[in-house]
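Residue numbering restarts at 1 for every chain, and letters A, B, ... go by the order of the sequence lines. None of these values were measured; they are calculated from a predicted model.
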2 protein chains.
Amino acid sequence: MTSTTRERIVQAMSASIQARGMNATGLNDLVRDAAAPKGVLYHHFPGGKTQITIAAIDESVDRLESRLERATERGDDVLDALTMWLERAAAGLRESSFALGCPLATVALETTPDDRDIRVALDAAFVRLRGVIAAGLQREGRTANDAERMAFAIVAAYEGGLLQARVAGQVEPMVEACRFVLDLMRARP
Amino acid sequence: MTSTTRERIVQAMSASIQARGMNATGLNDLVRDAAAPKGVLYHHFPGGKTQITIAAIDESVDRLESRLERATERGDDVLDALTMWLERAAAGLRESSFALGCPLATVALETTPDDRDIRVALDAAFVRLRGVIAAGLQREGRTANDAERMAFAIVAAYEGGLLQARVAGQVEPMVEACRFVLDLMRARP
DNA sequence: GACGTGCTAGACCGACTGGTCTATAGAATA
DNA sequence: TATTCTATAGACCAGTCGGTCTAGCACGTC
């Protein structure tokens, strides 16, 4: 086993959130998937399920952010880079038989305003992802204001399209929604 | 009590899904909110929690569809009508202190492909809502293809924006994302 | 070797879950 | 009045939940 117990637990949580969501993920499932005994949860995550969820969010956004940075900083047109990202996301969704979604969005809809710590982590996560997109757009001459608004819209189209695609069992809702938004943006400098 | 026991249970489920999601809603919560004894669940919903969830989805989409039809069939410009809808949604979100979301999206992210019946109900729900929007756009001269694509994008922007707004604790992500998409569409005949 | 420390290991807990059961009240039909 | 059907009513069930506990193992450092 190359990874630490703690890492395996966080990864199991991320994966299960993508497929089933936070509330449908039991701590027993987690220790089974991570091949760990129950007690390690108490040791590594004294904050309980909330702490594991936040760790999974942080791990997910780290991964997403670096992939997004790599895609948008390659010098090509940012909107083209996002279109390619979209194609790969669609392929991945189909490969998973429409089982896997975005872990951030799923947890977002499972929380109430009382889950303060989780929502703070989620908000910070979306701020970072939008920041990468907006930075790329600004590098291409968009104003800070325009870039931020476009980032809102791009992330929204992706999350909202993905959600419709999963229940439809086909990628079209996600692909069409995102492509439509990206094309309109391209047409308007 | 003006409504039937069955209706009160379905409404309690809809409301709780909006706030907490399906998995965080216990059957005990439901019968408490509906002021009903446990046994009525067995009687009215022999299909268990799944059947209650589907009934809540159907009830929600009936309500949403009729409101959306009323808004888009008034003869005004459809995109203007949707902008007004957006303003009201933003006001409602703020009023709820960012507690209430879309019941369809929440359940969508809590289900797996194994939850076939629920996903079928959700897909049908989104098809109906997109259908109302696309019909309005076609009445204004858009082609069927364009109208459908625009409906994908509008619903996606709404759901994705709402999700970001809830964790951010401010309406901007939803308002900016939707307004941006609607404005771009207006600029392109 | 003794000791402290970081971590593994799994038994165990009360609370709660979705779901089932039987008893019965009330209205409609015979 | 007798019977039937629909719906209410709440006790009850096995299973699972998140979480806690103590025991012990493999390390270093004194």
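As a whole-Å value, the separation of A/L30 CG from D/dT16 C1' is 15 Å. For the pair A/F45 CZ and C/dC7 P, the computed distance is 12 Å after rounding to whole Å. Rounded to an integer number of Å, the gap from CZ of A/R6 to P of C/dA9 is 18 Å. When rounded to the nearest whole Å, the span between CZ of A/R32 and C1' of C/dT8 equals 19 Å.
Residues B/L163 and B/F152 are members of separate hydrophobic clusters, defined by side-chain heavy-atom contacts under 4.5 angstrom among Ile, Leu, Val, Met, Phe, Trp and Tyr. Hydrophobic clustering places A/L64 together with A/Y158 (ILVMFWY residues linked when any side-chain heavy atoms are closer than 4.5 Å, directly or through intermediates).
Side chains of B/R67 and B/T72: no donor on one and acceptor on the other come within 3.5 Å.
Salt-bridge check for B/D33 with B/R8: failed, with every basic side-chain N at 4.0 Å or more from each acidic carboxylate O. By the 4.0 Å N-to-carboxylate-O rule, A/R20 lies too far from A/D29 to be salt-bridged with it.
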List every contact pair, protein side and nucleotides 4-6 of chain C side both N or O, where the distance is under 3.5 Å.
none

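OP1 or OP2 of C/dT8 sits under 4.0 Å from a side-chain N or O of A/T5.
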Heavy-atom protein contacts under 4.0 Å, nucleotides 13-19 of chain C, coded B base, S sugar-phosphate only, - none: ----BBB
CA sep, side-chain torsions, deciding dist, call: B/E87, B/R179, salt bridge (Lys or Arg N to Asp or Glu O under 4.0 Å): CA-CA 10 Å; B/E87 308 290 349; B/R179 197 130 59 185; 2.9 Å; yes
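With A/S97 contributing its side chain and A/A99 its backbone, the two residues share no donor-acceptor pair below 3.5 Å.
Residues in residues 167-177 of chain A take part in these side chain to side chain donor-acceptor pair (under 3.5 Å) pairs, two or more places apart or across chains: A/E176-B/R149.
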